[in-house]
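Just so you know, these numbers come straight off a predicted model, no measurement behind them. Order of the sequence lines fixes the chain letters, A, B, ..., with proteins taken first and strands second; residue numbering starts at 1 for each chain.
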Number of protein chains: 2
Amino acid sequence: MGRTMPDSAIRPRKEFGKTIAADITHRLREEIVSCSLPPGEPLRFDVLRERFGASFTTLREALTALAAEGLVDAQEQRGFRVAPVSRQDLVEVTDARVLIEVELIRRAIERGDDDWEIAVISTLHRLKRIEQRDPEHPLRDPEWKIAHRQFHQALVSACGSATLLGIRAELFDRAERYRHLSANFRPRPRDKAGEHQAIMQAAISRNADLAVQLITTHIRTTADNVAKYAGHLLDAE
Amino acid sequence: MGRTMPDSAIRPRKEFGKTIAADITHRLREEIVSCSLPPGEPLRFDVLRERFGASFTTLREALTALAAEGLVDAQEQRGFRVAPVSRQDLVEVTDARVLIEVELIRRAIERGDDDWEIAVISTLHRLKRIEQRDPEHPLRDPEWKIAHRQFHQALVSACGSATLLGIRAELFDRAERYRHLSANFRPRPRDKAGEHQAIMQAAISRNADLAVQLITTHIRTTADNVAKYAGHLLDAE
DNA sequence: GAGACTCGTATTTTCGAAAATACTATCCGT
DNA sequence: ACGGATAGTATTTTCGAAAATACGAGTCTC
């Protein structure tokens with residue numbers, strides 16, 4: 001059931017949040033992060049209105065929220081557009097991520113309890129399961145994306161700072177957008193499964209220095225690959 | 001002139017931004033940071049509508065932006081309120097600030113050029129001038145607030161990362177709100193002038209380790225004083 | 001009397017029309 | 001032909017009414 005719904009009448013308008021604005025924010029974020037709405041794309045209200053079925057002001061609220069997250073660029077009196085990409089921005093996001101993530105993994109390793117260990121292990125397990133299904137193009141699989149995000153989220157979730165977790169989440173989204181940007185041009189994914197496994201083991205065995213080193217390499221290598229395979233998209237403008 | 005304007009007709013509606021929404025965002029931010037709107041205060045649209053002279057949707061846009069900055073708490077379907085304060089939040093903001101600010105001061109010292117040095121020296125100079133006027137209650141003087149903000153901004157401005165500067169700015173606002181919270185209960189200000197002077201000298205002489213240590217102490221001491229003198233306001237809820 | 005329900009009120013949330021602003025093509029003078 | 005003003009169009013921004021939702025007082029049942 002649910003498969004044959006007449007939709008427009010029954011299908012709930014709000015899937016991800018209680019308010020339509022929150023829902024639109026969520027859906028827009030996904031489309032921007034996945035580059036379904038490409039960087040620099042103008043976000044005209046007529047078009048959005050049709051695509052998302054919401055009114056001017058509701059869309060405006062969603063765009064304002066995403067502008068604060070750095071995914072949308074608000075040009076006063078001249079509308080919104082998807083935040084452009086650049087080498088400089090990629091470097092900034094990468095550096096900031098390393099700074100924050102290193103701090104968080106240290107704290108999580110220091111403070112994590114049994115539940116944390118279980119979350120790390122189980123999210124990694126699910127990630128590996130999904131990877132076995134389609135080892136070639138993990139980024140195209142929405143389930144892999146979610147599982148990947150949840151594994152990294154679980155790793156740092158025990159850090160004890162909602163503030164830093166919020167900052168981390170924003171940077172993660174911005175970085176994921178760059179990964180999607182280069183996904184189509186990358187010849188074959190490297191051995192991410194092995195890297196994740198190693199990070200998990202370092203974390204669970206409370207080897208903070210090793211975990212920090214692995215995470216740093218993980219982030220920087222990914223960014224290097226983006227620069228390598230999507231470089232032509234970063235200089236465009 | 002400007003003193004005798006009939007205002008409602010001539011006075012520009014948009015002071016700080018080109019759009020009314022951006023203007024309201026700015027004004028609301030100031031009122032929240034200065035605790036003119038106290039922590040936890042419900043933000044009802046009727047009241048805001050009267051106070052700021054804007055419509056529902058414009059206010060909503062401003063509140064959404066401030067929610068993303070952590071100054072406003074959005075409770076879906078139940079409106080907005082000024083973000084509450086707590087010991088936990090104070091600790092989180094302080095720790096995050098130290099982490100970011102330390103990184104930025106290192107980078108700025110490494111990369112800062114002549115213009116940077118001039119900006120640091122001149123913003124400190126102005127700050128000291130203003131302090132001489134009213135050495136007792138600097139936080140009550142809006143000009144001191146601005147000058148203080150600009151000095152700290154100048155210190156890190158040469159870091160080279162707009163992303164990290166944006167994060168820093170948000171944390172600075174959240175910290176400043178706590179300072180205002182305790183300002184009324186603090187017996188007398190400590191020797192901030194001397195601290196700022198020392199930080200400036202360490203920065204200009206490119207002594208990164210010393211600057212980092214001074215900044216860290218500066219931030220943590222301030223936070224400790226907030227906890228000491230406004231503690232009764234942090235446990236309330 | 002305590003808990004659950006209903007209805008009326010207060011408040012938030014959403015909408016599309018109307019105003020304000022930016023963009024584009026055309027016209028005019030040099 | 002070229003630069004600059006101008007009118008017309010496209011787009012964003014703002015508004016207040018209308019719909020949706022939450023809150024609270026009073027009522028009913030057990």
Worksheet item: Once you round it to whole Å, what is the distance between C1' of C:dT13 and CG of B:D46?
Response: 13 Å
Discussion item. Tell me the interatomic distance from B:R60, atom CZ, to D:dG16, atom P, rounded to whole angstroms.
Written reply: 17 Å
Discussion item. So, does B:R44 get its side chain near the phosphate of C:dA10, meaning an N or O under 4.0 Å from OP1 or OP2?
Written reply: no
Worksheet, complete the sentence: To the nearest angstrom, the CG-C1' distance between B:L59 and C:dT11 comes to 14 Å
Worksheet item: For B:D114, does the CG atom sit with more than 12 other heavy atoms under 6.0 Å from it, leaving out its own atoms?
Response: no
Response to the item:
Between CG of B:L48 and P of D:dC15 the distance, given in whole Å, is 14 Å
Worksheet, complete the sentence: By nearest-heavy-atom nucleotide on DNA chain C, the more 5' of A:F56 and B:G79 is B:G79
Fill in: Closest-nucleotide ordering on DNA chain C, the 5'-leading residue of B:F45 and A:T57
B:F45
Worksheet item: Please give, in whole Å, the distance from C:dA19 P to B:K18 NZ?
Response: 23 Å
Discussion item. Of the options C:dT13, C:dG16, D:dT13, whose atoms approach the side-chain atoms of B:Q77 most closely?
Written reply: C:dT13
Worksheet item: Taking atom types as modelled, is there a side-chain donor on B:T163 or A:R174 under 3.5 Å from an acceptor on the other?
Response: yes
Item to complete: For A:L43, answer base if it contacts any base atom (sugar-phosphate contacts may also be present), sugar-phosphate if it contacts only those atoms, and nothing otherwise; contact means non-hydrogen atoms under 4.0 Å.
Response: sugar-phosphate
Worksheet item: Are a donor atom and an acceptor atom from the side chains of B:Y229 and B:N184 found within less than 3.5 Å of each other?
Response: no
Worksheet item: Whole-Å distance between C:dT11 C1' and B:R49 CZ?
Response: 13 Å
Fill in: Atom-to-atom span, CD1 of B:I20 to C1' of C:dA19 - whole angstrom
11 Å
Fill in: Value in whole Å for how far the C1' atom of C:dC15 lies from CD of A:E61
13 Å
Worksheet item: So which nucleotide from D:dC23, C:dC15, D:dC15 ends up closest to the side chain of B:S55?
Response: D:dC15
Worksheet item: When you look at CZ of B:R126, are more than 12 heavy atoms from neighbouring residues, nucleotides or ligands closer to it than 6.0 Å?
Response: no
Worksheet entry | Atom CZ of B:R129 with >12 non-hydrogen neighbours under 6.0 angstrom | no
